[in-house]
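Values below: all heavy atoms of this structure, side chains included; hydrogens, waters and symmetry mates excluded.
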Amino acid sequence: MQAVGQCSVCASRAAGGLLRNQTDLSLLRANKSGLRRGAACIRFVSSMKAGVQKLGERVDSEHSSVAPLSAGRGLHATPFAQQLENLSHDSLIRRAASVVTDSSSTFLSQTSLALINALADYSKAVHMRIAVQRRYLAALGKLTPAEKDSFLEVINGQRAKASDRLHECKRIELTWINALNLCKMAAEAAHSLGAEQASITVGTNIQVAQSQVGEARKLSADAEKKLAETKVEEIQRMAEYTSFIENGEEHEVHEAYLRED
């Protein structure tokens, strides 16, 4: 506004001087210079007005573009708020029950694997003991005192190894039983809370664990049965050997003990 006012004053002065004294050339030149400055001022003001108008249009367009973005953010925020509202105590408890079933299933799988490996090691130790004892019984009567002592040392070592493996099996089995009971309680809790899928999953894991451990137990039981049969055979042969030795029939006893089963 100040620029417009200055331009108007310059224009009026130039016009007035031109009317009062047309013969004054220097004044005329000054008036022409003033007119040029006034025209320049008018063009400057016009350009300022155009710039302000364009700036206003740009701001309006930015407001119009920002408005849908804000509306879009609002649409995304609404489901998130609804999700927060849906997290009730019951849903949180069901989720916690699912976590418990997963953890208990992992606990059961790890203890099952440990027990299966322990039972397998025990079965191997028992079979090694059986093999050594049968070799000893087959060679009875032909062994030197040193060879006999060597056999007995190996047999005693295998007996101690099998005993250690059995102790390890019993120790791990207690942990496995605890894991099994924990899974059963977790399955019951999940079922009562409505987490059916979690309950079904842990129930399946329980059945698989029981089946696998049952197979390993069966193998160890078969090994123990063979060991018991070997012990009975050992007692019988040792009794026969001692009887024949006492009766002076050592040669016949040797031939009897050299026969294979």
Item to complete: Check step by step if side-chain contact (heavy atoms from CB on, under 4.5 Å) holds for Gln133 and Phe151.
Response: CA-CA 8 Å; Gln133 280 189 289; Phe151 261 107; over 6 Å; no

| query | side-chain contact (heavy atoms from CB on, under 4.5 Å) between Arg95 and Leu193: does it pass, once the steps are laid out? | reply | CA-CA 10 Å; Arg95 292 187 180 186; Leu193 293 171; over 6 Å; no

| message | Is there a salt bridge (charged side-chain N to carboxylate O under 4.0 Å, His left out) between Glu229 and Lys226? Walk through the geometry before answering. | response | CA-CA 5 Å; Glu229 294 174 355; Lys226 291 180 180 179; over 6 Å; no

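To the nearest 0.5 Å, atom OG1 of residue Thr230 and atom CD1 of residue Ile235 are 11.0 Å apart. The CG atom of Leu182 sits 11.5 Å away from the NZ atom of Lys184 when rounded to the nearest 0.5 Å. The NZ atom of Lys161 sits 8.0 Å away from the CG atom of Asp121 when rounded to the nearest 0.5 Å. One finds the CZ atom of Arg134 at 6.0 Å from the CD atom of Glu233 (value rounded to the nearest 0.5 Å). Taking OG1 of Thr175 as the reference point, atom NZ of Lys170 lies at 15.0 Å (rounded to 0.5 Å). The distance from atom CZ of Arg217 to atom CD of Gln210, rounded to the nearest 0.5 Å, is 9.0 Å.
Of all the heavy atoms in His191 and Ser199, the pair that sits closest is CB-OG, 3.6 Å. Glu147 and Lys142 get closest at one heavy-atom pair: OE1-O, 4.2 Å. Considering every non-hydrogen atom in both Ser192 and Ala189, the closest pair reads OG-O, 2.8 Å. Contact detail for Ala97 and Ala190: the closest heavy-atom pair is CB-CA, 4.4 Å. Contact record, Ala125 with Arg165: CB-CG, 4.2 Å, taken as the closest heavy-atom pair.
Counted by atom type alone, Tyr136 and Glu234 present zero donor-acceptor pairs between their side chains at under 3.5 Å.
Val208 is not connected to Ile200 by any chain of hydrophobic side-chain contacts under 4.5 Å among Ile, Leu, Val, Met, Phe, Trp and Tyr, and they are in different clusters. Residues Met128 and Leu227 do not share a hydrophobic cluster, clusters being chains of Ile/Leu/Val/Met/Phe/Trp/Tyr side chains in contact below 4.5 Å. Cluster annotation: Met238 and Leu152 are assigned to the same hydrophobic cluster (Ile/Leu/Val/Met/Phe/Trp/Tyr, side-chain heavy-atom contacts under 4.5 Å, transitive). Hydrophobic clustering keeps Leu219 apart from Val126 (ILVMFWY residues linked when any side-chain heavy atoms are closer than 4.5 Å, directly or through intermediates). In this structure, Phe107 is not a member of the same hydrophobic cluster as Leu174, with clusters built from ILVMFWY side-chain heavy atoms closer than 4.5 Å.
Annotation: side chain of Asp102 is not in contact with side chain of Thr106 (no heavy-atom distance under 4.5 Å). Ser104 is listed as a side-chain neighbour of Val202, based on a closest heavy-atom distance under 4.5 Å. Residues Arg129 and Asn156 have side chains not in contact (no heavy-atom distance under 4.5 Å, counting atoms from C-beta outward).
Listed by chain and number, the hydrophobic cluster partners of Ile206 are Leu108, Leu115, Ile116, Leu119, Ile172, Trp176, Ile177, Leu180, Val213, where partners are ILVMFWY side chains within reach of under 4.5 Å, directly or through others.
A 6.0 Å sphere centred on CD of Glu196 holds more than 12 heavy atoms belonging to other residues, nucleotides or ligands. Counting heavy atoms of neighbouring residues, nucleotides and ligands inside a 6.0 Å radius, atom NE2 of His127 exceeds 12 of them.
A salt bridge links Arg171 and Glu168; the closest N-O separation between the charged side-chain nitrogens and carboxylate oxygens is under 4.0 Å.
Looking only at distances, no side-chain donor or acceptor of Ser211 sits under 3.5 Å from a matching main-chain atom of Gln207.
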